[in-house]
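Please read the structure below before turning to the comments.
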Amino acid sequence: MEKERILSGMRPTGRLHLGNYLGALSNWVKLQDRYECFFMIADWHTLTDRTDTKGLKQDIKDVLIDWLCAGLNPEKSTLFVQSHVPEHAELHLLLSMITPIPWLERCPTYKEKLEMGQENNYGLLGYPVLQAADILIYKANKVPVGEDQVAHLELSREIARRFNHLYDHVFPEPAPLLSETVKILGLDGKKKMGKSYDNYISLSEEPRIIEEKTQGMFTDPKKIYLGDPGHPQECNVYSYHQIFGKFLGENLEQIFKDCKEGALACTTCKKNLAHLLINYLAPFRQKRKELEKESLDKILNKGKEIASRLATSTLREVKKAMQML
RNA sequence: AGGUCCGUAGCUCAAGUGGCUAGAGCACCGGACUCCAAAUCCGGCGGUUGCGGGUUCGAGUCCUGCCGGACCUGCCA
């Protein structure tokens with residue numbers, strides 16, 4: 001029986017951080033064996049809010065390197081850059097003709113971005129249509145998404161349905177693949193980890209920087225003096241211990257108890273965490289060092305080839321269905 | 001293409017009819033306080049006022065050209 005197909009993507013934001021890894025990437029790695037996977041670096045999508053394209057190439061490379069460090073395997077999965085397969089754009093154009101604007105205007109992410117003061121450009125409004133094209137051009141059955149992406153995926157399904165109804169049954173409706181992911185808050189303990197909040201730890205972070213950053217983490221505001229009882233269940237540093245502790249065999253119960261009794265100083269607790277993270281990330285740093293020396297064009301070229309073949313074939317079906325061939 | 005308005009610190013905005021060294025909040029950095037961090041209190045950094053000309057003793061402010069942006073009208077893609 002044929003494997004189901006998956007498409008997912010990330011925007012080229014440069015080096016990835018723990019949030020990217022725990023929230024999506026580590027899950028992708030697991031999906032590789034069960035599904036036929038297409039993983040895309042969405043450089044076109046990033047243009048909706050990035051006009052400065054200096055450094056974009058490096059950002060793409062950095063994302064790819066981190067993917068490989070995390071365990072994405074180009075022998076198993078197709079890793080490619082969106083703009084290397086221009087068929088996405090052609091399908092996007094065709095789909096845009098059957099997509100009513102109100103469908104796009106009511107997207108929560110779109111409305112949020114506008115409220116944030118982002119420029120209301122054509123590409124931003126059409127973002128979900130391009131996303132639909134990304135998915136449908138590979139006839140992906142499943143799309144691993146976070147909660148925040150469900151609405152956009154719903155739109156892809158509607159567009160697929162509409163196309164199938166108007167022309168011919170070309171597209172399978174892509175279903176969301178919700179998998180349990182680890183949510184990690186940023187170093188500030190307030191917002192989710194994100195590059196733009198500057199509250200992250202990169203997968204490739206230098207040990208010295210990891211020490212500095214963990215030292216600056218937000219802790220329990222009720223624990224002022226050394227010896228004060230802590231509240232580990234509400235402390236962001238403890239939640240990091242919970243996430244990463246198992247990898248180095250930490251005794252979580254002991255930490256919890258010591259913190260609660262005031263026996264564990266936050267400084268010590270943070271030093272331990274830094275040590276933990278440095279060890280946890282050591283393999284990433286090691287792997288990156290090796291990969292940085294290599295040319296990765298081979299991987300991207302292979303990805304482009306496989307993706308293009310499929311994309312071209314789907315696009316031909318689409319145009320046939322529309323009586324354009 | 002034409003018309004109206006606008007452009008001041010990284011961000012949001014101040015600077016009566018031209019007039020002292022262009023100010024404040026947020027952000028950032030440092031200090032105090034903490035085992036750290038946060039909160040709070042001090043202190044600091046930060047500007048060729050979009051660019052170039054002009055009028056004037058004196059221009060962020062007035063005139064002009066360009067650049068950039070918002071909105072309106074036309075062009076019936």
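Chain identifiers are assigned alphabetically (A, B, ...) following the order of the sequence lines, protein sequences preceding nucleic acid strands; residue numbering begins at 1 within each chain. All values below come from the heavy atoms of this structure, side chains included, with hydrogens, waters and symmetry mates left out.
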* What integer distance in Å separates A:Asp198:CG from B:rC26:P? -> 20 Å

* P atoms of B:rG53 and B:rU61, separation to the nearest Å -> 14 Å

* Quick check: are there more than 12 heavy atoms from other residues, nucleotides or ligands sitting under 6.0 Å from NE2 of A:His231? -> yes

* To do: Considering only atom P, compute the distance from B:rA9 to B:rG52 and round it to an integer number of Å.
  => 16 Å

* Starting from P on B:rA38, measure out to CZ on A:Phe218 and report it in whole angstrom. => 9 Å

* Expressed as a whole number of Å, how far does the P atom of B:rC33 sit from that of B:rA59? -> 49 Å

* Geometric cation-pi criterion, A:Lys190 with A:Phe218: 6.0 Å, 45° -> yes

* **Between B:rA37 (C1') and A:Met217 (CE): distance, integer Å** => 9 Å

* Applying a 3.5 Å limit to both distances, which nucleotide forms a Watson-Crick or G-U wobble pair with B:rG46? -> none

* Asked: Base, sugar-phosphate, or nothing: which does A:Asp220 touch, judged by heavy atoms less than 4.0 Å apart?
  -> base

* Would you kindly give the CG-to-C1' distance between A:Asn121 and B:rA70, to the nearest whole Å? => 15 Å

* Structure fact -> Checking B:rC35, B:rA38, B:rC36 against the side chain of A:Lys190 (C-beta onward), the nearest is B:rA38

* Span that lies between the C1' atom of B:rG47 and that of B:rU21, in whole angstrom -> 13 Å

* Base partner of B:rA1, which must satisfy Watson-Crick or wobble distances under 3.5 Å -> B:rU73

* When the distance from CG of A:Leu273 to P of B:rA37 is rounded to whole Å, what number comes out? -> 16 Å

* Could you tell me the separation between the OH atom of A:Tyr225 and the P atom of B:rA38, rounded to a whole number of Å? => 16 Å

* Does A:Asn120 reach the side chain of A:Tyr110, with side-chain heavy atoms less than 4.5 Å apart? -> yes

* Asked: Does B:rG16 have a Watson-Crick or wobble mate here (both distances under 3.5 Å), and if so which one?
  -> none

* To do: For a side-chain contact (heavy atoms from CB on, under 4.5 Å) with A:Val237, tell me which candidate from A:Thr214, A:Leu187, A:Asn272, A:Thr219 qualifies.
  => A:Thr219

* B:rG7 versus B:rG50 - spacing of their P atoms, nearest Å -> 8 Å

* Integer angstrom distance from the P of B:rU12 to that of B:rG58 -> 34 Å

* Asked: What nucleotide among B:rC35, B:rC36, B:rA38 has an atom nearest to a side-chain atom of A:Lys223?
  -> B:rC35

* Asked: What integer number of Å spans the C1' atoms of B:rG60 and B:rU49?
  -> 5 Å

* Could you let me know what B:rG25 is paired to, Watson-Crick or G-U wobble, both distances under 3.5 Å, or none if it's on its own? => B:rC11

* Look at the side chain of A:Thr267 against the base of B:rC36 and say whether a donor-acceptor pair falls under 3.5 Å; ignore hydrogens and angles. => no

* How many Å lie between OH on A:Tyr197 and P on B:rC26, as a whole number? -> 21 Å

* May I have the distance from A:Leu185 (atom CG) to B:rA37 (atom P), rounded to whole angstrom? => 20 Å

* So, do A:Leu153 and A:Ile135 sit near enough that their side-chain heavy atoms are less than 4.5 Å apart? -> yes

* Non-hydrogen side-chain atoms of A:Tyr127 and A:Leu104 separated by less than 4.5 Å -> no

* Which value, in whole Å, describes the distance between the C1' atoms of nucleotides B:rA70 and B:rC63? -> 24 Å

